[in-house]
Every structure is written in C-alpha cells, then in structure tokens.
Amino acid sequence: MTPHPLARRVPRLIIAVALLHFVWGLVAQPHAWGAIGRDGVLRSVVDTDARDHFLREFSVWWMVSGVALLAIGTLARHAVRTTGRLPAQVGWYLVAVGVPLCVLYFPVTGGWPVLATGLLGLAAARRPAGPDRSSPPPLTEGGTL
C-alpha cells in the first residue's frame, strides 16, 4: 500500500519541529551548557544549591524533550514506511504535549507547532492508505485488463 501523502508529511513535520526545538534552545533560549561544560559535564547538574541549578536542569530537559520529539518523528516515519499508515498514537502524543504547553504559556509558546502537527497526525491516521501502485491492476472477469 502507498501511504497517504499526509501520513508521509507528518513525520517530516515532527522531525522539523524537533530540529527547530534544538536550534531555538541553543540560540534563543537562556541555557547553561557553558557552565555544564566548564564543570566537566559529569555530575554538573546534581548540586541543588548551585546558583544556576534550575537553568542547568532546564537546559538538560530541553535537550531531552528535543530528543523525544526526534524519536517520535523517526519512529513515525518508520511506521509509515513499514505499514503504509501513521499510528493514531503519534497524533495523540503530540496533542498531549501541545495542549498543556499552549494553555500554560498562552499565547506565545512553541507548543502551537507541536499541537498543530499532532492534529495533522490524527487526521493522517484516519485516512486510508492508497492502493499499491507497484503491482499491475487486477484482471477483470473476462481475463483481460
């Protein structure tokens, strides 16, 4: 079966959102990667009394959530390539992440692209895959094409 075009595009959108998430976190968001590096990385976020402890935690969790988005996108791409369909769970996971972000940080938040991609994922999961165009059409009753 040939995947529906929307099912092929949603994993790409998720991967794009993950990449934007990484870029935003390194370029525009305050972060503590320099301090983490100066402390030698190992155990550099465990001191809860450190002046910048919460910024360090924020930096780590920002990175972890970006990796999670990337994992959802690449696994969704694999599912579409393997089965021809996008699992509805992909859309639901993104909606579950996007809604709280949009509510808590309304109106300016990066949750909007996550929510929109999740809704597109739900729409793609409802669409059937197209016919398999790699095989010839079936014979008619008379034995001819």
Side-chain angles (χ1 to χ4, degrees), residues 1-139 145:
M1 292 218 152
T2 303
H4 189 276
L6 188 57
R8 284 195 314 265
R9 288 186 183 101
V10 168
R12 293 177 192 155
L13 283 172
I14 299 167
I15 292 167
V17 169
L19 295 176
L20 286 171
H21 180 85
F22 285 125
V23 169
W24 185 264
L26 290 173
V27 174
Q29 282 293 109
H31 58 79
W33 290 112
I36 290 170
R38 281 189 300 278
D39 285 352
V41 180
L42 184 64
R43 296 186 46 82
S44 60
V45 186
V46 297
D47 182 6
T48 57
D49 293 329
R51 179 180 46 85
D52 62 348
H53 171 73
F54 290 109
L55 186 57
R56 290 174 185 231
E57 274 203 334
F58 171 82
S59 300
V60 171
W61 283 106
W62 186 277
M63 181 201 54
V64 168
S65 61
V67 171
L69 277 171
L70 191 59
I72 292 170
T74 56
L75 289 171
R77 182 178 61 188
H78 175 71
V80 169
R81 286 180 177 173
T82 304
T83 68
R85 297 190 54 99
L86 183 71
Q89 293 94 323
V90 170
W92 285 117
Y93 294 150
L94 295 174
V95 167
V97 169
V99 166
L101 288 174
C102 291
V103 169
L104 293 171
Y105 292 101
F106 184 83
V108 181
T109 175
W112 294 113
V114 176
L115 178 59
T117 305
L119 294 173
L120 286 172
L122 290 174
R126 293 181 55 98
R127 306 215 178 191
D132 188 357
R133 305 219 191 290
S134 63
S135 58
L139 295 175
L145 291 175

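Every salt bridge (Lys or Arg N to Asp or Glu O under 4.0 Å) that Asp52 has, sequence neighbours left out, goes to Arg56.
Across all their heavy atoms, Pro11 and Gly73 have their closest contact at CB-O, 3.6 Å. Closest approach of Cys102 and Gly111 over heavy atoms only: SG-C, 3.5 Å. Shortest non-hydrogen contact noted between Ser44 and Asp39 is CB-CB, 3.8 Å. In plain terms, the two heavy atoms of Gln29 and Phe58 that are nearest each other are NE2-CZ, 3.0 Å. Nearest heavy-atom pair, Thr109 versus Leu101, reported as atom, atom and distance to 0.1 Å: OG1-O, 3.6 Å.
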Task: side-chain contact (heavy atoms from CB on, under 4.5 Å) assessment of Val60 paired with Trp33 - done: CA-CA 9 Å; Val60 171; Trp33 290 112; 4.3 Å; yes
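One finds the OG atom of Ser59 at 13.0 Å from the CZ atom of Phe54 (value rounded to the nearest 0.5 Å). In this structure, the separation between CD1 on Ile14 and CG on Leu86 is 6.5 Å, given to the nearest 0.5 Å. The distance from the NE2 atom of His53 to the CG atom of Asp47 is 8.0 Å, given to the nearest 0.5 Å. Rounded to the nearest 0.5 Å, atoms CG (Leu19) and CG (Leu69) are 10.0 Å apart.
Heavy atoms from other residues, nucleotides or ligands lying under 6.0 Å from NE2 of His78 number 12 at most. In Arg8, the CZ atom is crowded: over 12 heavy atoms of neighbouring residues, nucleotides or ligands sit closer than 6.0 Å.
Partner of Ile72 under the side chain to side chain contact (heavy atoms under 4.5 Å, CB included) criterion, chosen from Val114, Ile15, Val90, Val67: Val90. With Val10 as reference, Leu120 is the one residue of Leu122, Val80, Leu120, Leu119 to meet the side chain to side chain contact (heavy atoms under 4.5 Å, CB included) rule.
Ring geometry for Trp62 against His21 counts as parallel: the plane angle stays under 30°, on a 0 to 90° scale with 60° as the upper cut.
Checked by atom type and distance alone, the side chain of Arg85 pairs as donor or acceptor with a backbone atom of Ala125 at under 3.5 Å.
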